[in-house]
Structure formats: C-alpha cells, structure tokens
Amino acid sequence: VWQAADPQIIDEESPVRLEGFAEIFRPQGHLVTQVFEAHVRSARRISELSGRPFDFAILAGDLTDGSQRNELGWVLTALNGGVIDPDSGRDDDPVEGAGNDYNDPFCSDGLGSPWYAAIGNHDSLYNGGFGPITDELRDASVGSAVYDFPLFPNGYRDGATVFGDVVVSGNTVPDDNRLMLRLGEVLQELHDAQGEPVGHGLAQEDVNADIGYYSIRPIAGRPIRLITLNTVDSSAIIGVGSLGSIDRTQFEWLQQELVIADASHELIIVMSHHQM
C-alpha cells in the first residue's frame, strides 16, 4: 500500500490566498504541484521495480490547500496521468522557454494503482479552518480583486515574476477554474475522477447527501476492509475548524462497520485526515 497525505496543492495566484500574512505564507508554495508529481512518480517507480506492486493507494486528505477546482484537478492529473498546467489567470512564463519555471506545463505518468482519498479540512474549509466556503468566497475566488479577509492581510503571488513575488493589493487576472468547492462538489470530483476503481470508494447516493465517509473491500477476494472517515468539522468557529471531529451519526456508522468487519474476520484499515 502507498499512503500519502497533505499535498496541499496551491494556486498561489488566487485572489483569496493569505500570502500577505507571514505566519501562513509558504515560500515554497509555487512549487508544490511539481513536488507532489515527483512523489507520485517515485512511488510508481518503487511499485514497478518491486516484487510486489502496490495493491492500492490511500491519500489521507488535504489534497488541496484552498479547496479550489483547479488545485484538485492538478492533484487528480498527477495521480491518473496527463498534462498539468499549474498556472492560473494569464499564461505566465517568468523564465522564457518550456519546462524551466514553476508555471510551465509538465507531464505526469500517473500512479498506475487504484487509489482512495479522505477529505481534509483544507479540501472544504477556507484556508483549512477559517469558516465554510460562502457565496462571497466563491465569488471572490473567481474574481480579480484581493479578497478582504478581516483577520489577516491577504495577498497572492505574481506568476510573471521569477520567484513569485507577493502582491497584497490590487488585482490579479480572474479565472473561473479557481472556484472554491464545497464538500459535495469535492466528493463529486473524486467520484468522477479517472483511474481505478470507478468511484474511488464513493457511492453516488452518498455524494448526493454530502456523506464523505465510506467502507469498502479494496482487494477482491481478500479479507481486508478500508474504512474512510470524514473528520472535517464544518460547524467549528473560525480559527479552530482545522481540529476535526466526527458526529454521532458517523460514529455509530463506524461502530457498525467494525462489528461487520470483525464478524467477517477482516483486517481493518481506518483512514482519516485527523488522528482519532
């Protein structure tokens, strides 16, 4: 099994970023897409060269950093293969030529193994813990003006500069693909993603009901059960939404799944973004 977590893919040019706040700013943020693809490529090489290729992969949440559609798309392309263009807004080329800067398109061969994912707080909350994805945030994410967040100074990075200079006021080029996604939309993207297996553990009826937890047997004919939890606390007050929890309904569902697995003498793997 290959396990990964928290790639937290960043669209550093988004107007809803908090790049202007030193405690949150990540100087390496404009390179995380390339780093995650390299991680996937290394895992695939290990799988192909080993005497026992991966049966499946699990990704324990925080696939994106800002819950944006383009960020999630880059993650899924890294996992399933294809061309990744980590740029947004205008077509930037800070170092003239192909394949020599952080905004140039590049190819991923994909993992080549079935994969399953859990939801993390950065996948469905603003910046991982500063409240739910509101209509105001969604509008701001596809717009051009730096979003005015009352707690911290916002800002984005100028993708036309060699080092991604931080900009804390003014406008960036808008991009509809930066739309911030809510839980049901994230689940739908994961369900519809290419690669194996179909649905990646999620049933369409659960997606429709915003249920981000599931239980499956990932290897046909093997007594192994993968139980994936959704530990994102969308009701928490601003600032502590990153701590995580599960509600009574999910807790009782987990208890029942453990009883079923025990009765069937199955090995149980529980995946969640937060430790429980």
Exercise. Is there a side-chain contact (heavy atoms from CB on, under 4.5 Å) between L137 and Y147 once you walk through the steps?
Worked result: CA-CA 8 Å; L137 274 169; Y147 179 63; 3.5 Å; yes
Looking at [Y] and [X], is any side-chain nitrogen of the basic one under 4.0 Å from a carboxylate oxygen of the acidic one?
X	Y	answer
R69	D175	no
D123	R182	no
E266	R222	no
R26	D65	yes

Problem set entry | Pairwise ring-ring contact (aromatic ring centres under 6.0 Å, His included) hits with a residue in residues 68-109, at least two apart |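 Listed once each, the pairs are H30-Y102.
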For this session: Taking the six-membered ring for Trp and the full ring for Phe, Tyr or His, determine whether the centres of F152 and F130 are under 6.0 Å apart.
Result: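 Ring-ring flag for F152/F130: true, centres closer than 6.0 Å.
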Problem set entry | Q194, CD: over 12 other non-hydrogen atoms inside 6.0 angstrom |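 Not buried by this count: 12 neighbours or fewer within 6.0 Å.
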For this session: Tell me, yes or no, whether the heavy-atom count around D148 atom CG, taken from other residues, nucleotides or ligands under 6.0 Å, exceeds 12.
Result: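 No.
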Problem set entry | In one Ile/Leu/Val/Met/Phe/Trp/Tyr side-chain cluster, 4.5 Å: L190, L111 |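 In one cluster: yes.
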For this session: Tell me yes or no: between the side chains of S14 and R178, is some donor less than 3.5 Å from an acceptor?
Result: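 No, no side-chain donor-acceptor pair sits under 3.5 Å.
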Problem set entry | Residue pairs fulfilling salt bridge (Lys or Arg N to Asp or Glu O under 4.0 Å) with at least one residue in residues 70-87, sequence neighbours excluded |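 Pairs touching residues 70-87 that pass the test: none.
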Problem set entry | Partners passing side chain to side chain donor-acceptor pair (under 3.5 Å) against D262 (at least two apart in sequence or in another chain) |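 By the side chain to side chain donor-acceptor pair (under 3.5 Å) rule, D262 matches no residue at all.
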